[in-house]
S.K.: 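Once you've had a glance at the structure underneath, I'll fire off some questions.
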Amino acid sequence: MANELTSRATDYAQWYNELILKGGLADYSAVRGCMVIKPYGYTLWENMRDVLDKMFKDTGHVNAYFPLFVPKSFLEKEEGHAEGFAKECAVVTHYRLKTDPNNKGKLMVDPDAKLEEELIVRPTSEAIIWNAYKDWIQSYRDLPLLINQWANVVRWEMRTRLFLRTAEFLWQEGHTAHATAEEAIEEAEKMLHVYGDFVENYMALPVIKGIKTPNERFAGALETYCIEALMQDGKALQAGTSHFLGQNFAKAFDVKYLTKENKQEFVWATSWGVSTRLIGALVMAHSDDQGLVIPPRIAPLQVVIVPIYKGPEQKALVDEKVNAIVAGLKANGISVKYDDSENTRPGWKFAEYELKGVPVRIAIGQKDIENGVVEVARRDTKEKQSVPAADLIEHVKFLMTDIQQNLYNRALAYRDSHITEVNSWEEFKQVLNEKGGFIAAHWDGTPETEDKIKEESKATIRCIPLNNQPEEGVCVFSGKPSKQRVLFAMAY
RNA sequence: CGGGACGUAGCGCAGCCCGGUAGCGCGCUUGCAUGGGGUGCAAGAGGUCGCUAGUUCGAAUCUAGUCGUCCCGACCA
């Protein structure tokens, strides 16, 4: 057993890391906190990106690209924004190296090449984008401006974790400008629903849509909407955010437009983003002790075929059958790999593709050909069954939707059984420590109480759900009156 | 930024206490057999022991320093 995995029960964090590394999604790099996304992981990201990109375009957005560097003075302009990101910025101070005269063969920063103004490697692009929008927006006719960017950003995190929090990560950031507050709010909510649809329908991961408390808001936002998902260890993970930025950035960058009535008004803004962190969510939500489990709709590889044979004659026979299957699956838009490599045997391949989370595995050998069947194994339940060769394509098509649905149902059942209503502080701490998951509890609405709860329990308010029902009650911590329950959890 | 580990072959590790020509497993190469759940046998290739300085006839091993990475916490997508 070359690839024995740590089980979830033994060490959840280590299990997660091993899955990423051994499953071939990513690797540590030579740069602290930065990872190499390997082809298998990058294909997964491409699949996710392609779906999202289409969803953005279907809702009227277009893509553009803005600079990697943000002049320091731009970042300063929106105060809350600057404060939020200042502590984790990579800063470019020089533009040239030279050979070190005192240390042969070594390079040094050329002190004569100091930049007049430091450039910040973007931690997010509001500043550089709003500086551009200033010139793009003159009239109400220029609005709304609906732009998305696919990019990398850098946040110099103190502690990093593969996919969940890396110093550099890939994401998309939408930045829109609107004539009215109502329209901007509508946009922020619309994109939250796009994210929710994507995560639920493609990643098979149920989410709770809600708004953040002021404490947890994005730096510079008036309202932050979020989707929250629950991982198998009972911790919550923020899977995406959408912000109503008010006129903060318009005022900071002096972006005004003329109304029909010929009056100058500041524009209203939103921004929204999801990142490669979603891959971390995917891994933690569905995978098991045998390896990754990837939903068919975004899987880098949907079907793998393993031949079983003795000698070249049988191989030729199997090849012939497999080639027809491969053509049939491809014709139906299903990605498939025929792994007839000689260097590993069938058993090894079975284990390997389970580790990589390929949704469906087909094995075909002499016995199957004689019986007119193929062996089909599904990754989610690990069930194996013999399927008549004639029905194979239809059966695989069925499995693609059935596995997708099963993964969603499984995650939903887990999530729903881990939302616990509590009515006292004792109960709160007990559920948090013994069961985990979301805790629905009354909160008095003050940041002070929120902070104290966090201090004492390490739980944070993940969100105030959008579909919340009003309910009279008293805060579990302070005993003060409350009008609704909010969701607490330990979070990534 | 606090705490804890670790840097020796592509990967995982032993050797270090007690200094004396660098080893094991996996992987890799070649061949033969094998092939329905991580294959067996045989022969090979592969390492400035993180870096620097010191002690010593001699350092992977002792001393000092330094760099880096990972894990756990606080902060964050």
Side-chain angles (χ1 to χ4, degrees), chain A residues 1-6 11-14 16-18 21-22 27-35 83-89 103 123-124 152-173 195 212 215-219 224 226-229 236-243 271-281 290-291 306-312 314-315 318 340-355 361-371 373-375 377 382 384 386 454-455 458 460 490-492:
Chain A
M1 298 280 177
N3 268 325
E4 198 64 52
L5 284 171
T6 300
D11 186 339
Y12 192 84
Q14 195 179 339
Y16 173 80
N17 278 321
E18 286 181 9
L21 298 170
K22 293 182 177 174
D27 214 341
Y28 293 110
S29 74
V31 184
R32 190 204 80 98
C34 295
M35 64 178 173
E83 249 174 61
F85 285 103
K87 291 175 304 204
E88 51 189 36
C89 286
N103 207 344
T124 179
N152 58 339
V153 290
V154 169
R155 295 181 189 175
W156 211 267
E157 300 288 352
M158 289 187 258
R159 184 160 167 262
T160 59
R161 295 192 66 185
L162 294 169
F163 285 113
L164 293 177
R165 191 177 307 107
T166 44
E168 178 190 11
F169 57 95
L170 305 182
W171 77 345
Q172 59 69 218
E173 44 182 328
Y195 287 156
K212 288 290 186 190
N215 269 3
E216 300 275 330
R217 252 178 222 150
F218 176 75
T224 288
C226 63
I227 49 173
E228 292 284 330
L237 187 135
Q238 180 176 308
T241 48
S242 179
H243 315 288
S271 71
W272 28 275
V274 293
S275 71
T276 37
R277 179 179 232 207
L278 285 176
I279 294 177
Q290 277 68 50
V306 176
I308 293 153
Y309 58 92
K310 292 182 196 176
Q314 285 192 11
K315 174 70 167 37
V318 171
D340 65 342
S341 57
E342 294 276 353
N343 53 337
T344 53
R345 288 166 65 261
W348 192 92
K349 290 175 186 172
F350 293 169
E352 176 67 9
Y353 291 107
E354 270 167 20
L355 175 62
R361 182 187 73 233
I362 294 172
I364 179 163
Q366 185 75 12
K367 276 189 275 177
D368 303 302
I369 294 173
E370 281 166 11
N371 297 326
V373 298
V374 292
E375 183 190 86
K382 299 193 201 76
K384 284 198 275 201
S386 279
K454 185 176 176 182
E455 212 172 291
K458 290 177 185 165
T460 50
M490 302 287 272
Y492 276 97

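To find a chain, count down the sequence lines: A is the first, B the second, and so on, and within it residues start at 1. Values in this document were obtained by computation on a predicted structure and should not be read as measured data.
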S.K.: Using only side-chain N and O atoms of Tyr28(A), determine if any of them is under 4.0 Å from OP1 or OP2 of rC71(B).
M.R.: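 Answer yes for this pair, as a side-chain N or O of Tyr28(A) is under 4.0 Å from OP1 or OP2.
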
S.K.: Which heavy atom of Gln172(A) sits nearest a heavy atom of Val274(A), and at what distance?
M.R.: OE1-N, 2.8 Å

S.K.: Is Gln366(A) touching bases, backbone alone, or none of the nucleic acid, heavy atoms closer than 4.0 Å?
M.R.: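 Touches a base.
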
S.K.: Could you give the CD-to-C1' distance, from Glu455(A) to rG73(B), as a whole number of Å?
M.R.: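 It works out to 15 Å between those atoms.
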
S.K.: Rounded to whole Å, please give me the gap between CD in Glu18(A) and C1' in rC71(B).
M.R.: 13 Å

S.K.: Kindly write out the residues that satisfy salt bridge (Lys or Arg N to Asp or Glu O under 4.0 Å) with Arg155(A), not counting sequence neighbours, or none if the list is empty.
M.R.: none

S.K.: Which residue lies toward the 5' end of RNA chain B, Ala351(A) or Lys458(A), if each is placed at its nearest nucleotide?
M.R.: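 Going by which nucleotide is closer to the 5' end, it is Ala351(A).
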
S.K.: Could you pull out all residues at least two apart from Arg165(A) that satisfy side-chain hydrogen bond (donor to acceptor under 3.5 Å, both in side chains)?
M.R.: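 By the side-chain hydrogen bond (donor to acceptor under 3.5 Å, both in side chains) rule, Arg165(A) matches no residue at all.
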
S.K.: Rounded to whole Å, how long is the line connecting atom CG of Leu21(A) with atom C1' of rG12(B)?
M.R.: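 It works out to 13 Å between those atoms.
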
S.K.: Take the protein atom CE of Met490(A) and the nucleotide atom C1' of rG73(B), then report the distance between them rounded to whole Å.
M.R.: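 About 11 Å, once rounded to whole Å.
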
S.K.: On the nucleotide rC70(B), are OP1 or OP2 found under 4.0 Å from the side-chain N or O atoms that Asn17(A) carries?
M.R.: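 No, outside the criterion.
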
S.K.: Please confirm whether the backbone N or O of Phe169(A) pairs with a side-chain atom of Arg277(A), one donor and one acceptor, at under 3.5 Å?
M.R.: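 Not a single qualifying donor-acceptor pair exists.
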
S.K.: Is the NZ or CZ atom of Arg361(A) both under 6.0 Å from the centre of the six-membered ring of Phe350(A) and within 45° of that ring's axis?
M.R.: yes

S.K.: So, His243(A) and Ser271(A): side-chain donor and acceptor under 3.5 Å apart, yes or no?
M.R.: no

S.K.: Tyr309(A): what forms a ring-ring contact (aromatic ring centres under 6.0 Å, His included) with it, not counting sequence neighbours?
M.R.: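 Per chain and number, Tyr309(A) pairs via ring-ring contact (aromatic ring centres under 6.0 Å, His included) with no residue.
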
S.K.: Say you pick atom P in rC70(B) and the same atom in rC26(B); how far apart are they, in whole Å?
M.R.: 29 Å

S.K.: Hey, where does RNA chain B pair up into stems, meaning at least three consecutive Watson-Crick or G-U pairs with distances under 3.5 Å?
M.R.: B:1-7 with B:67-73, B:10-13 with B:23-26, B:28-33 with B:39-44, B:50-54 with B:62-66

S.K.: Please report the distance separating the P of rA59(B) from the corresponding atom of rC51(B), rounded so that it comes out in whole Å.
M.R.: 15 Å

S.K.: Hey, does Ile362(A) have a side-chain heavy atom less than 4.5 Å from the side chain of Val306(A)?
M.R.: no

S.K.: Is Lys212(A) salt-bridged to Glu228(A), going by a charged N under 4.0 Å from an acidic O?
M.R.: yes

S.K.: Measure OH/Tyr16(A) against C1'/rC71(B) and give the value in whole Å, please.
M.R.: 15 Å

S.K.: Could you work out the separation of rC49(B) and rG7(B) based on their P atoms and round it to a whole Å?
M.R.: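 About 15 Å, rounded to a whole number of Å.
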
S.K.: Between the protein and nucleotides 75-77 of chain B, list every N/O to N/O distance that falls short of 3.5 Å.
M.R.:
residue	atom	partner	partner atom	Å
rC75(B)	OP1	Lys454(A)	NZ	3.2
rC76(B)	O2'	Glu157(A)	OE2	3.4
rC76(B)	O2	Arg165(A)	NE	2.5
rC76(B)	N3	Arg165(A)	NE	2.6
rC76(B)	N3	Arg165(A)	NH2	2.6
rC76(B)	N4	Arg165(A)	NH2	2.9
rA77(B)	O3'	Gln238(A)	NE2	2.6
rA77(B)	O3'	Arg277(A)	NH1	3.4
rA77(B)	O2'	Arg277(A)	NE	3.2
rA77(B)	O2'	Arg277(A)	NH1	2.3
rA77(B)	N6	Thr166(A)	N	3.4
rA77(B)	N6	Thr166(A)	O	2.5
rA77(B)	N3	Ser275(A)	OG	3.4

S.K.: Would you say the rings of Tyr492(A) and Tyr16(A) are close, in the sense that their centroids are separated by under 6.0 Å?
M.R.: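 No, the ring of Tyr16(A) stays outside the 6.0 Å limit from the ring of Tyr492(A), centre to centre.
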
S.K.: Specify the separation, in whole Å, of atom CZ of Arg161(A) and atom C1' of rA74(B).
M.R.: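 About 15 Å, once rounded to whole Å.
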
S.K.: Is a donor from one side chain sitting under 3.5 angstrom from an acceptor on the other, for Thr6(A) and Glu18(A)?
M.R.: yes

S.K.: Can you check the distance between rG46(B) and rC24(B), where both ends of the measurement are the P atom (answer in whole Å)?
M.R.: 15 Å

S.K.: Between protein and nucleotides 29-35 of chain B, map the contacts as a letter string: B base, S sugar-phosphate only, - none, heavy atoms under 4.0 Å, written 5' to 3'.
M.R.: -----BB

S.K.: Run the side-chain contact (heavy atoms from CB on, under 4.5 Å) test on Trp272(A) and Thr241(A) for me, step by step, so that the C-alpha distance in whole Å, both residues' side-chain angles and the decisive distance to 0.1 Å come before the verdict.
M.R.: CA-CA 6 Å; Trp272(A) 28 275; Thr241(A) 48; over 6 Å; no

S.K.: Using the P atom as the point on both nucleotides, what is the distance between rU63(B) and rC17(B), in whole Å?
M.R.: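 Here rC17(B) and rU63(B) have their P atoms 9 Å from each other.
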
S.K.: For atom C1', what is the distance between rA9(B) and rC67(B), given to the nearest Å?
M.R.: 22 Å

S.K.: Using atom C1' in both nucleotides, what's the gap between rU34(B) and rC71(B) to the nearest angstrom?
M.R.: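 Going atom to atom, C1' in each nucleotide, I get 42 Å.
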
S.K.: Between rA60(B) and rU66(B), how far apart are the P atoms? Round to whole Å, please.
M.R.: 22 Å

S.K.: Between Lys310(A) and Gln366(A), do the side chains contain a donor N or O and an acceptor N or O under 3.5 Å apart?
M.R.: no

